[in-house]
Amino acid sequence: MRILYGVVGEGMGHAIRSRVILDELVKQHDVQVVVSGRAHDYLAQRAGEHLRVRKIWGFTIVTEDNEVRNFRTLLQNVRGAIAGGWPRNVRAYFDLAQELQPEVVISDFESWSYLYAKVHDIPVISLDNIQVVARCAHDPEILRGHEMNFRVAKGIIKTKLPGCLHYLVTSFFFPLVRKRRTSLHPPVLRPEILAARSERGDHLLVYQTSESNEALPAILAASGRECRVYGFRRDIDDEVVEGRLRYRPFSERGFIEDLRTARAVVANGGFTLLSEAIYLHKPVLASPVKKQFEQILNARYLEAEGYGLAAEALDAGRLGTFLERVPELEARVAGWRQDGNRQILSALDDLLARAAVGRAP
């Protein structure tokens, strides 16, 4: 089939998941990718001769002090749209209509490809983790204190990709599905994680998406543990060592090595790293970005499942509690089992077959 695959560019988790799916799709199908932001560079660098990756403009989120800044997010996106984002997307629209003439769209929470499909009456398959917010029922205890954030997030997500042929939702937790045409599946894992052999080391892997938490180094240092820190100093090219804190420049191979040999993980509430840590049986202390409800939900389910702890604020007290409970959490997360990506790929193949039949003359 001719497939248009849309990837939202905010956060690298979408790109990492999509790369795995795309590597499988190109074996049998003609695929064109539309993607925005940093995710474009990631996918473009890994695209082989059989995959076309086209950059479009997409919305971005501004965070500071581990919190989403709503006004700055709005301002930055308005500027980006006026400065060339919308004209670029219009050009991409006409180019795709002429070149690919897609028969089905797969969207990883990406709106442009979805709208293209609706205009051309093409079936859409949604494949992401975020739809779990709107398409599943959640226990009141999970939502406690964030009921308003939940309602806002649910409303936004419901309007993002309505009326898809099916919603493939990846998750490490499995609440009751309350919507038709929806199924839950284990997370999509990149081959490097599937090939990694988990070992129990002594260090903490620390991943932060913002450099603005000025108190973090002192909190980590007070733990007395070796901490291998990624994301906090983005301008470094070589490792910087300060006591037991080792600030490392990002390297996919180095990061996976530090993850597979870690005793535990300290991170935000991003779905991809939480899923990879769980697969490798590493307990996680998750401190979600404030006002980003999907991360809050991930962190709370992580704790509810016994795979780690949630931290509304990452402070010395919460880190100390987490370290004390690592043996208990380690025993719980050791029970996670997943047969690679077989389940999600099989479900996607079935849906593509259905879409093909539906468009047959």
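Donor-acceptor pairing under 3.5 Å is recorded for the side chains of H166 and S183. Under the 3.5 Å distance criterion, with hydrogens and angles disregarded, no donor-acceptor pair is assigned to the side chains of S198 and R260. Between the side chains of S113 and E110, a donor-acceptor pair is found at a separation under 3.5 Å. Side-chain contact, D258 with Y230: a donor N or O sits under 3.5 Å from an acceptor N or O.
How far CG of N129 is from CD of E294: 5.0 Å, rounded to the nearest 0.5 Å.
More than 12 non-hydrogen atoms from other residues, nucleotides or ligands lie less than 6.0 angstrom from CZ of R178. Under a cut-off of 6.0 angstrom, the local environment of NZ in K118 is crowded, with over 12 non-hydrogen atoms contributed by other residues, nucleotides or ligands.
Under a 3.5 Å cut-off, the side chain of E303 and the backbone N or O of A310 do form a donor-acceptor pair. Judged by distance alone, the side chain of N298 and the main-chain N or O of Y301 form no donor-acceptor pair under 3.5 Å.
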### Task
Might you work through the side chain to side chain contact (heavy atoms under 4.5 Å, CB included) test for Y5 and L22, ending with a clear yes or no?
CA-CA 8 Å; Y5 200 114; L22 289 165; 3.6 Å; yes

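Ionic pairing of E276 and K282 is not present here: no N-O contact between side-chain nitrogen and carboxylate oxygen is shorter than 4.0 angstrom. Comment: R19 engages E192 in a salt bridge, judged by a side-chain N to carboxylate O separation of less than 4.0 angstrom. Salt-bridge formation is not detected for the pair E239/R228: no Lys NZ or Arg NE/NH1/NH2 atom is positioned less than 4.0 Å from an Asp or Glu carboxylate oxygen. A salt bridge does not link E24 with R17: every distance from a Lys NZ or Arg NE/NH1/NH2 to an Asp or Glu carboxylate oxygen is 4.0 Å or more.
Relative ring orientation between F271 and F172 is described as parallel, the plane-to-plane angle staying below 30° on a 0-90° scale split at 30° and 60°.
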